[in-house]
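From a predicted model like this one, the values you see are computed outputs, not experimental measurements. Remember, it's 1-based here, ligands and their atoms both numbered in the order they're listed.
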Amino acid sequence: MFPSRRKAAQLPWEDGRSRLMPSGLPRKCSVFHLFVACLLLGFLSLLWLQLSCSGDVARAAMGQGQETPGPSRACPPEPPREHWEEDESWGPHRLAVLVPFRERFEELLVFVPHMHRFLSKKKIQHHIYVLNQVDHFRFNRAALINVGFLESGNSTDYIAMHDVDLLPLNEELDYGFPEAGPFHVASPELHPLYHYKTYVGGILLLSKQHYQLCNGMSNRFWGWGREDDEFYRRIKGAGLQLFRPSGITTGYKTFHHLHDPAWRKRDQKRIAAQKQEQFKVDREGGLSTVKYRVDSRTALSVGGAPCTVLNILLDCDKAATPWCTFS
Ligand code: UDP
Ligand code: MN
């Protein structure tokens, strides 16, 4: 039985007369060769499909610049663009987004992709710097912003001091170069929580030139609050005019404040002399006197959005500001 079945299965080229298979492949072709040939064919047809779908083949056949005639082929949907190409229409300015930071990881995961998408849509060239305070002193938002300014390099010409938990929702908000003077994006008419007239916290844009004119922010504010109020007085002292958004109709819904105060407790302790000192203007200190060390600098991508994390060790002069620690 077996010999006859074998004979019937014998292929024409096996008798030694023909050196070619019906497909034109060499006689000694093995299963492996057939497999490779199939792979090659598969690859070529995929390539054809891709080119004909994107219209390149048809365009090449018709000559450049002409419309492709006939019914268009359905292409697989393109993934959404996460990063827009920067070209001349983005303008000459570049923004350093300075984010004072400590232990707000969940907020950061939302903030970086949100801001990158928001600013890219508005064609604002930008880079996000996460200013991570890693020393064991109390949090110092203002000193971190000074460090961010000094470490942000020459490729940026203006800054946004930007809270990590404040997300702009209205695309009409201006994040452009603040030529005429500091521009307070999170104005008291729009911020969900702070509504006093001299408030300049949350999100504030300044040209680097104007920030230098103010000698940056005071380094004396350890713990929560008041550093922004002191900075308001520096702005006025430098003779600068403060600007705020106009024509925004979304009111207190302009931003999302990602802050549960029970979970993210504010450090409102006032220790000894800090009670009186917190309302004083610091005439000497600022950008020119901040003492720190950058422990590391890490390029990071959060959900496809780039940023740089600076691990910062601030220095505290305990004789000048003993309240930088709790004891
Ligand atoms: N911040 C931080 N870790 C802290 C305290 C403050 O990262 O422990 C940063 C963060 O960017 C935050 C900003 O400082 O958005 C302002 O602090 P907070 O949100 O507590 O103040 P609020 O404006 O809500 O009163
Ligand atoms: Mn907050």
Side-chain angles (χ1 to χ4, degrees), residues 95-116 118 126-149 151-152 159-169 184-205 216-232 252-270 274 278 290 292 295 298 300 302 305 307-314 316 323-326:
L95 170 68
V97 181
L98 306 181
V99 189
F101 184 83
R102 177 185 265 174
E103 290 173 352
R104 300 278 179 114
F105 186 65
E106 292 86 341
E107 291 86 332
L108 190 73
L109 293 185
V110 179
F111 177 83
V112 176
H114 178 89
M115 285 314 296
H116 183 57
F118 183 88
H126 62 277
H127 191 84
I128 299 172
Y129 294 89
V130 180
L131 313 167
N132 187 28
Q133 186 179 339
V134 293
D135 56 69
H136 292 179
F137 297 118
R138 296 169 72 194
F139 190 66
N140 191 328
R141 179 177 177 270
L144 289 171
I145 292 168
N146 283 337
V147 176
F149 180 96
E151 295 294 324
S152 61
I159 63 163
M161 33 180 107
H162 212 303
D163 283 2
V164 74
D165 62 4
L166 206 55
L167 306 176
L169 302 177
H184 188 216
V185 180
S187 79
E189 300 90 57
L190 306 175
H191 193 286
L193 202 57
Y194 298 117
H195 305 142
Y196 58 96
K197 232 172 59 195
T198 56
Y199 176 65
V200 287
I203 308 163
L204 181 65
L205 309 184
M217 302 185 85
S218 170
N219 302 301
R220 295 173 64 85
F221 291 80
W222 304 90
W224 176 86
R226 302 274 179 239
E227 80 293 340
D228 44 4
D229 298 333
E230 202 267 357
F231 191 65
Y232 176 83
Y252 298 149
K253 294 206 163 93
T254 304
F255 300 95
H256 181 42
H257 191 197
L258 217 86
H259 193 155
D260 172 359
W263 172 239
R264 299 300 196 207
K265 289 197 167 62
R266 298 180 174 101
D267 166 13
Q268 288 172 316
K269 278 207 177 72
R270 295 294 182 250
Q274 192 180 13
Q278 62 179 325
V290 64
Y292 69 99
D295 192 45
T298 310
L300 204 69
V302 184
C307 66
T308 300
V309 179
L310 301 180
N311 276 3
I312 298 166
L313 290 151
L314 294 176
C316 167
W323 55 86
C324 63
T325 58
F326 287 114

*Is there side-chain contact between D267 and F326, with heavy atoms separated by less than 4.5 Å?*
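The answer is yes; the side chains approach within 4.5 Å.
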Which residue and heavy atom of the protein sit nearest [atom], plus the separation:
| atom | value |
| --- | --- |
| atom 5 (C) of ligand 1 | R104 NH2, 3.4 Å |
| atom 15 (O) of ligand 1 | D165 OD1, 3.0 Å |
| atom 6 (C) of ligand 1 | F139 CE2, 3.2 Å |
| atom 25 (O) of ligand 1 | Y194 OH, 2.4 Å |
| atom 21 (O) of ligand 1 | W224 NE1, 3.3 Å |
| atom 24 (O) of ligand 1 | R266 NH2, 2.8 Å |

[atom2] on [Y] to [atom1] on [X], rounded to 0.5 Å:
| X | Y | atom1 | atom2 | answer |
| --- | --- | --- | --- | --- |
| T308 | E151 | OG1 | CD | 11.0 Å |
| L258 | L108 | CG | CG | 11.0 Å |
| R138 | T325 | CZ | OG1 | 8.5 Å |
| R270 | Q268 | CZ | CD | 7.0 Å |

*Among side-chain atoms of H127 and S152, is any donor-acceptor pair under 3.5 angstrom?*
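S152 and H127 do not have a side-chain donor-acceptor pair below 3.5 Å.
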*Apply the side-chain contact (heavy atoms from CB on, under 4.5 Å) test between L167 and each candidate in H162, E107, H256; give the one that qualifies.*
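Answer to the side-chain contact (heavy atoms from CB on, under 4.5 Å) test with L167 among H162, E107, H256: H256.
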*If you measure every N/O of R102 against every N/O of ligand 1, is any gap under 3.5 Å?*
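The answer is yes, given that R102 and ligand 1 share an N or O pair closer than 3.5 Å.
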_ligand 1 N/O within reach of V164 N/O, cut-off under 3.5 Å_ =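 Yes: some nitrogen or oxygen of V164 is under 3.5 Å from one in ligand 1.
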_Whether E103 lies under 4.0 Å from ligand 1, heavy atom_ = no
*asked:* Salt bridge or not between D163 and R141? Use side-chain N to carboxylate O under 4.0 Å.
replied: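 Salt bridge between D163 and R141, a charged N being under 4.0 Å from a carboxylate O: yes.
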*Would you say Q133's side chain and N140's backbone share a donor-acceptor pair under 3.5 angstrom?*
yes
*So, does H126 use its side chain to make a donor-acceptor pair with the main chain of V97 at under 3.5 Å?*
no
*Got an N, O or S from D163 under 2.8 Å of the Mn ion (ligand 2)?*
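No.
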*Which part of H257 is near ligand 1, with near meaning a heavy atom under 4.0 Å away: side chain, backbone, both or neither?*
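Contact part for H257 vs ligand 1: side chain (C-beta onward).
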*At the Mn ion (ligand 2), what is the angle formed between atom NE2 of H257 and atom OD2 of D165, rounded to the nearest 10°?*
100°
*Would you mind listing which atoms of ligand 1 come within a distance below 4.0 Å of any non-hydrogen atom of P100?*
7 (O), 9 (C), 10 (C), 11 (O)
_List ligand 1 atoms under 4.0 Å from D163, heavy atoms only on the residue side._
11 (O), 13 (C), 15 (O), 16 (C), 23 (O)
*Of the listed options (M161, H259, R264), which comes nearest to atom 18 (P) of ligand 1 when hydrogens are ignored and any heavy atom counts?*
H259
*the Mn ion (ligand 2) is nearest to which N, O or S atom of H259?*
ND1
